[in-house]
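One structure below.
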Amino acid sequence: MQAALVGTAALLAVGVVVLTAAHCTSGTDGDTIVSFDPVIDEAPPSDLPVAGDLAAGYGPDDELPDGWYRGTAHAHPEHSDSTDQDSWNDVGVVELDEAVTGIHPAQLAAPNELDRYAQPRLNRTGFRVVGYGTEVRRADSGPQTPTPKSYPIVRRYTDVVGQKLTPQILQVNGDEHDARGGGGTCFGDSGGPAFAPDSGHLVTVTGYGYTADCRYIDGLQRVDVPVVQSWLATFGMTRAAG
């Protein structure tokens with residue numbers, strides 16, 4: 001179900017539609033390539049597919065290895081470019097050129113499903129987030145401070161605890177010392193899904209973090225709100241019953 005775009009994360013929401021964040025799809029040149037492999041790259045140098053014309057991006061003449069799909073990226077037309085949390089709309093999709101088989105798509109949340117977790121329930125609810133982002137660990141040399149590492153690029157998941165809910169954003173605690181969860185998201189996890197604990201429905205995509213070491217607060221874009229669900233419906237994405 002989860003997919004890795006080049007440099008970010010996503011998930012399959014319909015057979016030919018991959019859901020991600022708008023800041024992952026805005027300003028894309030050429031095609032976007034997607035893999036559903038849980039292991040993308042274990043160590044440098046990178047063996048990710050490279051476009052023949054880097055300035056133009058991936059094109060129809062670029063041959064992709066087995067397991068990679070190509071498609072067209074779209075960003076929500078009302079994405080605020082991360083300037084206004086009242087109209088954040090950090091949601092994007094990739095329409096694949098061919099349908100993905102053998103993978104069960106995620107179920108989009110019911111309308112306003114996250115409102116069920118309003119305070120005080122929110123602060124004791126864990127949401128499972130998934131992505132291909134960097135791992136934060138001690139530096140290989142020098143000061144032994146927590147440092148984001150670019151490799152391996154593999155699918156991981158963790159549970160994050162709700163902290164604040166706004167009309168657009170689910171804010172969660174990404175502290176790895178919180179005994180209720182397992183740490184937060186990091187660079188490369190953008191666009192990856194989070195699932196509600198009761199229904200298992202897709203309720204958010206990862207949007208942003210507050211700190212460079214990825215160990216404080218994360219902001220997740222809600223996909224259960226009308227302004228997002230109406231746009232996703234134009235790509236054939238249906239929501240769960242309320």
Side-chain angles (χ1 to χ4, degrees), residues 1-3 9-14 17-23 76 78-80 82 84-93 104-131 133 155-185 189-210 216-242:
M1 162 189 323
Q2 286 78 36
L11 83 163
L12 184 68
V14 182
V17 179
V18 177
L19 178 62
T20 185
H23 73 265
H76 195 292
E78 297 177 47
H79 174 43
S80 71
S82 305
D84 183 2
Q85 285 204 5
D86 291 333
S87 58
W88 202 253
N89 298 321
D90 189 9
V91 177
V93 300
H104 184 66
Q107 174 65 67
L108 188 65
N112 299 307
E113 183 168 335
L114 280 174
D115 290 348
R116 306 173 187 174
Y117 301 95
Q119 299 290 13
R121 186 182 181 190
L122 186 66
N123 290 146
R124 57 177 184 268
T125 300
F127 299 88
R128 177 146 297 181
V129 292
V130 186
R155 185 189 302 156
R156 299 183 178 93
Y157 66 87
T158 188
D159 295 318
V160 292
V161 178
Q163 193 175 73
K164 180 181 178 181
L165 188 64
T166 77
Q168 281 268 332
I169 301 295
L170 169 61
Q171 182 174 294
V172 296
N173 181 10
D175 184 356
E176 82 280 11
H177 296 300
D178 188 332
R180 302 169 299 170
T185 59
D189 285 322
S190 289
F195 300 95
D198 294 343
S199 65
H201 295 159
L202 165 64
V203 288
T204 72
V205 293
T206 294
Y208 59 88
Y210 270 76
Y216 181 39
I217 292 173
D218 298 324
L220 311 179
Q221 169 67 53
R222 297 178 63 169
V223 298
D224 65 325
V225 292
V227 67
V228 171
Q229 294 203 331
S230 295
W231 182 67
L232 294 179
T234 66
F235 295 94
M237 296 175 58
T238 58
R239 62 199 186 189

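From a predicted model like this one, the values you see are computed outputs, not experimental measurements. The first residue in the sequence is number 1, and the count goes up from there.
- Between the side chain of His79 and the backbone N or O of Trp88 there is at least one donor-acceptor pair closer than 3.5 Å.
- Put simply, CG on Leu12 and NE2 on His104 are 9.5 Å apart, with the number rounded to the nearest 0.5 Å.
- Annotation: side chain of Thr125 is in contact with side chain of Pro197 (closest heavy-atom distance under 4.5 Å).
- When all heavy atoms are compared, the tightest approach of Ala196 to Phe127 is CA-CD2, 4.2 Å.
- Asp218 places no side-chain N or O within 3.5 Å of a backbone atom of Gly209 that could act as its donor or acceptor partner.
- Annotation: side chain of Ser80 is not in contact with side chain of Asp90 (no heavy-atom distance under 4.5 Å).
- At least one donor-acceptor pair under 3.5 Å links the side chain of His76 to the backbone N or O of Glu78.
- Residues Gln107 and Leu202 fail the side-chain proximity criterion, which asks for heavy atoms closer than 4.5 Å.
- Between the Thr234 side chain and the Trp231 main chain, a donor and an acceptor come within less than 3.5 Å of each other.
- Looking at every heavy atom in both residues, Val172 comes nearest to Gly162 through CG1-CA, 4.1 Å.
- Rounded to the nearest 0.5 Å, atoms CZ (Arg222) and CG (Leu165) are 4.5 Å apart.
- Between Asn112 and Pro226 the shortest heavy-atom distance is OD1-CD, 3.9 Å.
- Atom OG1 of Thr185 sits about 11.5 Å away from atom CD1 of Ile217, to the nearest 0.5 Å.
- Within the 4.5 Å cutoff, side-chain heavy atoms of Val130 are placed close to those of Arg155.
- Between Ala13 and Leu19, the shortest heavy-atom contact is CB-CB, 4.2 Å.
- Checking side-chain atoms of Gln229 against main-chain N and O of Val223 turns up a donor-acceptor pair under 3.5 Å.
- With a 4.5 Å cut-off on side-chain heavy atoms, Leu114 and Thr204 count as touching.
- In this structure, Gln163 contributes its side chain and Gly174 its backbone to no donor-acceptor pair below 3.5 Å.
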Inset, instruction - Decide yes or no on side chain to side chain donor-acceptor pair (under 3.5 Å) for Ser82 and His23, but give the supporting numbers first. - result: CA-CA 8 Å; Ser82 305; His23 73 265; 5.4 Å; no
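- Listed here is the closest heavy atom pair of Ser190 and Gly207: OG-O, 3.8 Å.
- Annotation for Arg156: atom CZ counts as buried by contact number, over 12 foreign heavy atoms lying within 6.0 Å.
- A donor-acceptor pair under 3.5 Å is absent between the side-chain atoms of Asn173 and the main chain of Val161, judged by distance alone.
- Considering every non-hydrogen atom in both Gly191 and Thr20, the closest pair reads CA-OG1, 3.4 Å.
- Between the Asp159 side chain and the Val129 main chain, no donor and acceptor come within less than 3.5 Å of each other.
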Legend entry - From CA spacing to verdict: side chain to side chain contact (heavy atoms under 4.5 Å, CB included), Thr238, Leu108: CA-CA 7 Å; Thr238 58; Leu108 188 65; over 6 Å; no
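- Going from atom OH of Tyr157 over to atom CG of Asp189 covers 14.5 Å, rounded to the nearest 0.5 Å.
- Using modelled atom types and a 3.5 Å distance limit, the side chains of Gln85 and Gln168 yield no donor-acceptor pair.
- The only option from Arg116, Arg121, Arg128 that meets the salt bridge (charged side-chain N to carboxylate O under 4.0 Å, His left out) definition with Asp198 turns out to be Arg121.
- With a 4.5 Å cut-off on side-chain heavy atoms, Leu122 and Leu170 count as touching.
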